[in-house]
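In what follows, chains are A, B, ... by sequence order, proteins preceding strands, each numbered from 1.
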Protein chains: 2
Amino acid sequence: MAPTPDDARVVRTRRDVLHTALTVLVDEGRDAVTHHRVAEAAGYSRATVYKHWPTRMHLLRDAFAQLEDGPHHVPTGDLRSDLVAEVTQFRTDMQHDRLDRALTVLADLAVSNAELAEVRDRLVADGERVLRQVLGSRPDGPEREAALLMLCGAVLYSALLHGRLPGDDVIGASVDIVLRGLSAGPLSAVGGGTA
Amino acid sequence: MAPTPDDARVVRTRRDVLHTALTVLVDEGRDAVTHHRVAEAAGYSRATVYKHWPTRMHLLRDAFAQLEDGPHHVPTGDLRSDLVAEVTQFRTDMQHDRLDRALTVLADLAVSNAELAEVRDRLVADGERVLRQVLGSRPDGPEREAALLMLCGAVLYSALLHGRLPGDDVIGASVDIVLRGLSAGPLSAVGGGTA
């Protein structure tokens with residue numbers, strides 16, 4: 001069945017309101033995400049917002065869920081440039097969409113809310129998908145996990161605790177360290193023996 | 001001049017209240033850190049808390065400042081074990097003192113409050129001191145910065161976005177990757193030329 005104009009209107013309303021909820025969260029802080037404030041900022045009635053999201057938790061959950069399916073680098077097969085491009089994409093998301101603030105709030109709320117923990121887990125799995133794929137030629141285990149945590153972690157830590165995003169030089173250096181560090185590990189030991 | 005009993009009492013009161021404020025923050029969330037709740041939890045009168053900290057921001061600022069001068073590994077000169085021990089200490093602080101929650105709230109508040117940004121910067125500088133010292137034999141620049149961000153970032157990212165702390169195997173793998181990655185870099189190139 002073809003979607004009716006009503007369906008299209010509902011889809012647009014939901015998208016507008018959730019987009020606004022996320023903007024309010026990032027710009028005005030988590031406490032500002034109320035039905036009242038989001039309805040006002042999005043230009044819809046409070047009744048409409050309540051109809052779609054009966055509680056504040058529903059509103060927050062769906063607002064965070066929007067962050068899934070964010071933009072990703074499409075791997076080319078060049079390991080170094082694929083890693084640099086994907087880590088740089090993570091930085092771009094933080095810069096343009098203030099993803100660092102949204103993730104910080106989500107991480108904090110997920111500690112005590114199982115539903116938001118699920119949203120966080122899905123979002124993080126989607127966010128890490130391409131990096132895991134690119135690193136996938138390496139043997140699974142603590143080394144690959146460490147590489148993933150370090151590449152993502154460097155960007156998040158810098159944003160949160162240094163109050164700035166890492167430069168291209170630091171991202172490039174991170175990828176180089178990881179690639180050399182992994183290369184000298186189990187993989188090359190298998191091929192090249194030990195000194 | 002020797003401290004009077006009154007001085008000792010003031011010191012103890014301040015320490016008790018600030019310690020309680022941090023516990024309330026971590027256990028009950030940032031919104032719970034009010035003069036009312038902290039006075040109640042610490043067993044002091046609200047008047048006492050107001051006398052020492054006229055505003056909520058004063059109370060938060062001094063509560064976070066307590067986190068400075070946290071425990072650190074004392075370097076032994078063995079690069080690998082010094083790095084593993086210091087990164088493990090960072091993990092321990094998150095585990096026992098829920099430092100991840102305190103840092104998350106501080107990072108979020110520091111975005112819009114210059115005074116808390118200063119507290120964050122002092123705290124982070126103190127937190128990174130030993131790692132910077134241990135990595136200090138490496139040339140300054142993006143490589144060393146990347147190594148520091150990755151080692152600290154892996155722990156923070158895992159805590160916040162995976163909802164768990166990295167195991168000993170992952171911390172060990174992180175340090176190994178960084179040491180091999182750095183060793184194969186500019187330092188060894190200087191000594192060994194290029195292939």
Might you work through the side-chain hydrogen bond (donor to acceptor under 3.5 Å, both in side chains) test for T76(B) and D82(B), ending with a clear yes or no? CA-CA 7 Å; T76(B) 63; D82(B) 283 341; 3.1 Å; yes

Determine whether E86(A) and H72(A) satisfy the following criterion, side-chain hydrogen bond (donor to acceptor under 3.5 Å, both in side chains), listing intermediate values before the conclusion. CA-CA 7 Å; E86(A) 184 62 4; H72(A) 280 290; 2.6 Å; yes

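Between G172(A) and V84(A), the closest heavy-atom pair is CA-CG2, 4.5 Å. When every heavy atom of H73(A) is checked against every heavy atom of V130(A), the shortest pair comes out as O-CG1, 3.7 Å. For the pair Q133(A) and P75(A), the tightest heavy-atom approach, listed with the atom from each and the gap, is NE2-CG, 3.8 Å. What you find for A154(A) and M150(B) is that their closest heavy atoms are CB-CG, 3.8 Å.
Among D121(B), I177(B), D108(B), the residue with the largest count of heavy-atom pairs under 4.5 Å with chain A is I177(B). By number of non-hydrogen pairs under 4.5 angstrom with chain A, the leading residue of T104(B), L149(B), L106(B), L148(B) is L149(B). If you tally non-hydrogen atom pairs under 4.5 Å between each of G29(B), S158(B), C152(B) and chain A, the highest count goes to C152(B). Ranked by non-hydrogen atom pairs under 4.5 Å with chain B, the options V155(A), V105(A), V175(A), D31(A) are led by D31(A). The choice from V124(B), L156(B), L161(B), L123(B) that makes the most heavy-atom pairs within less than 4.5 Å of chain A is L161(B). Each of S174(A), A107(A), A173(A) has some count of heavy-atom pairs under 4.5 Å with chain B, and the biggest count is that of S174(A).
For the pair E145(B) and H162(A), the minimum side-chain heavy-atom distance is below 4.5 Å.
Listed in order of number, the residues of residues 32-67 of chain B that approach chain A to under 4.5 Å between heavy atoms amount to none.
Cluster annotation: M94(A) and V111(B) are assigned to distinct hydrophobic clusters (Ile/Leu/Val/Met/Phe/Trp/Tyr, side-chain heavy-atom contacts under 4.5 Å, transitive). Criterion: ILVMFWY side-chain heavy atoms under 4.5 Å apart, direct or through other members. Under it, L103(B) and V26(B) are not part of a common hydrophobic cluster.
With a 4.5 Å cut-off on non-hydrogen atoms, R144(A) does not touch chain B at all.
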